[in-house]
2 protein chains.
Amino acid sequence: MTLHSHRLTDRDSPIADDGDEVRFCSTCAFSGASTQAGYDKAALRDLHVLVEHVGPYQAGAHVFRRHDPFRAIYAVRGGTVKTVAIDTEGNEQVLGFYIPGEVVGLNAIYPEHYPCDAVALEPTYFCRFSFSAISALATKMPGLQQQLFRLLSKELGMTSRLAGDHAADERVAAFLIDLAERYATQGFPARRLHLAMSRSEIADYLRLAAETVSRMLTRFRDLGLIAIDGRDVEILAPAPLNELARNVLGR
Amino acid sequence: MTLHSHRLTDRDSPIADDGDEVRFCSTCAFSGASTQAGYDKAALRDLHVLVEHVGPYQAGAHVFRRHDPFRAIYAVRGGTVKTVAIDTEGNEQVLGFYIPGEVVGLNAIYPEHYPCDAVALEPTYFCRFSFSAISALATKMPGLQQQLFRLLSKELGMTSRLAGDHAADERVAAFLIDLAERYATQGFPARRLHLAMSRSEIADYLRLAAETVSRMLTRFRDLGLIAIDGRDVEILAPAPLNELARNVLGR
DNA sequence: GCTGCCCCTTGATCTGGATCAATAACACCG
DNA sequence: CGGTGTTATTGATCCAGATCAAGGGGCAGC
């Protein structure tokens, strides 16, 4: 039905048609910005004008690197990205995974340099927005300003929930539930999901060992909560998973 | 020299004089907003008009509670606050400590309800800003908008650094260094700090047990890195502490 | 000055998840 | 196809920090 669910089944045309700008934007992270506070045609055109479509970035390619000067934020159009901070001992710390409709780079506003790397996990396309341009535009478009505030606040909430000390099973359950919900928001089926990231990347995100993630998934499978086929996961029993995830997701 | 350092030595007059609005604002979280993009006198007056001075909140008093509808953000004027999320098992999860010049409540923008409690740790005063009013004003005052973005992004960075998996000694060192630096930013002496929070609150913030925090402080003392007198801490050897804190603080 | 209540420290044990180690299941490619 | 590198699973052991337990110390109220 939507562009995104279409993409899931048609890997040969992985991005939305750029021709129809308005329809394109309805699937994007800033869709709410225009419709919210009354539809300002001119402002909406400004938003479309300042966007640059970039990609594809192949799996493993860097979208930006730590210490690069902050210029732009990236809305994922298709594909998946991770943001990673690598500490002095070389441990990878995954800060987040971003799927279509989500925005990468907001944590660079304050330091004015990206504090982490952004790496594509599969061929990935973005809308790139110059931050100075989009914040200038936000001045004329209260809905856009509001949307930026909301995006930042949302990510803040997500990050602090992840920061809590939770048992491994709760973390893994929360990861699955959260990802499934985010895909659902973008119009993907809510029960089946494809993990673009490795077990070890999930572990680096959840602050667990890859072995622990694997064990938890196996346990969930043995309990009949999920079905696993490599990186394809089907959620069979959302209720008990939600129960596990509850504390992590703050409900 | 500044109002804040004055307060440290004069506990009887714990807040800045409200009479001199401009001087007051020069110590506040939004000081950069006005001076940044050219000084707009009218806009600055708007900012002063929309602020409400609230407090004191006594130690233990709630500033807002989880699930309260989000209306305002609070800039700490004097005192200390913690934000806390309490999970279903009753474990306290401290999300942050806020000292004068810092802003509480930004994580409520997206959910539109406060996702945590805010509790004063000592008698505490705030500037309260209606969020709808301040974001409306931000539209006319690019510097203010920028400041809000920066505050959100800064907190995002802080939270995700805390979320990393770091050893207990690294966490505690980072806590001390970070707090000392934040006090220093506000004009307090950089080497001596008074902890407004208990060991157990520090532990709930760092995701450690209170006993572990205590042991780490003792270890640092035995190593000659700090001097401890109850809740007063003096940093004797910043270099090794910084070294420990490095990975946590992302340097 | 005494009493009760926290908060803090210190010591002794326990445990969840990390780490180490060994296969197993792939995917890619010549 | 089989070979090779990568990713995932499963089992065995270990350890940092949690938990349990027992004082010690400050301070408010009486």
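Quick caveat, the model's predicted, so the values are computed rather than measured. A note on names: the letters A, B, ... follow the listed sequences, proteins ahead of strands, and every chain is numbered from 1.
Here A:Glu211 pairs with nothing under the salt bridge (charged side-chain N to carboxylate O under 4.0 Å, His left out) rule; sequence neighbours left out. For A:Tyr74, the ring pair (Phe, Tyr, Trp, His ring centres under 6.0 Å) criterion is met by A:Phe64, A:Phe126, not counting sequence neighbours. Legend: residues meeting side-chain contact (heavy atoms from CB on, under 4.5 Å) with A:His62, ordered by chain and number and at least two apart, are A:Arg65, A:Asp117, A:Val119. A:Ser200 meets the side-chain contact (heavy atoms from CB on, under 4.5 Å) test with A:Ser198, A:Asp204, A:Ala210; sequence neighbours excluded. Judged as a ring pair (Phe, Tyr, Trp, His ring centres under 6.0 Å), and not counting sequence neighbours, the contacts of A:Tyr183 are A:Phe188.
When heavy atoms are screened at a 4.0 angstrom cut-off, A:Ala168 is found touching the sugar-phosphate backbone but no base atom. At a threshold of 4.0 angstrom between heavy atoms, the contacts of B:Arg171 with the nucleic acid are absent.
Taking atom CD on A:Glu89 and atom C1' on C:dA18, their separation rounds to 15 Å, with Å as the unit. Rounding to whole angstrom units, CE of residue B:Met216 and P of C:dG11 are separated by 14 Å. Summarising the geometry, the separation between CG on A:Asp165 and P on D:dA18 is reported as 8 Å, rounded to the nearest angstrom. Atom CG of A:Leu206 is separated from atom P of C:dA18 by 10 Å (rounded to the nearest Å). Straight-line distance from the CG atom of B:Asp169 to the P atom of D:dC15: 17 Å, rounded to whole Å.
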Detail all sub-3.5 Å separations between protein N/O atoms and N/O atoms belonging to nucleotides 23-26 of chain C.
none

Check: protein-nucleotides 7-10 of chain D nitrogen or oxygen pairs below 3.5 Å:
residue, atom, partner, partner atom, Å
D:dA8, OP1, A:Arg199, N, 3.4
D:dA8, OP1, A:Arg231, NE, 3.4
D:dA8, OP2, A:Arg199, N, 3.0
D:dT9, OP1, A:Arg199, NH2, 3.3
D:dT9, OP2, A:Arg199, NE, 2.8
D:dT9, OP2, A:Ser214, OG, 2.8
D:dT9, O5', A:Ser214, OG, 3.1
D:dT10, OP2, A:Thr218, OG1, 2.9

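The stretch residues 240-251 of chain B has no heavy atom under 4.0 Å from DNA chain D, so no residue of it qualifies as close.
Using five terminal pairs a side, the axes of the helix from C:dC8-D:dG23 to C:dG30-D:dC1 at its two ends make an angle of 30°, given in steps of 10 degrees.
Applying the side-chain hydrogen bond (donor to acceptor under 3.5 Å, both in side chains) definition to pairs two or more places apart or across chains, those involving residues 214-233 of chain B are B:His194-B:Asp232. Among residue pairs with one or both ends in residues 163-178 of chain A, those qualifying as side-chain hydrogen bond (donor to acceptor under 3.5 Å, both in side chains) are A:Asp178-A:Arg182; sequence neighbours excluded.
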Acceptor/donor pairs from residues 236-251 of chain A side chains to any protein atom, 3.5 angstrom cut, sequence neighbours excluded:
residue, atom, partner, partner atom, Å
A:Asn242, ND2, A:Pro238, O, 3.2
A:Glu243, OE1, A:Arg246, NH1, 3.4
A:Asn247, OD1, B:Thr88, N, 3.0
A:Asn247, OD1, B:Thr88, OG1, 2.8
A:Asn247, ND2, B:Thr88, OG1, 2.9
A:Asn247, ND2, B:Glu89, OE1, 3.4
A:Asn247, ND2, B:Glu89, OE2, 3.1
A:Arg251, NH1, A:Glu181, OE2, 3.3
A:Arg251, NH2, A:Glu181, OE1, 3.0

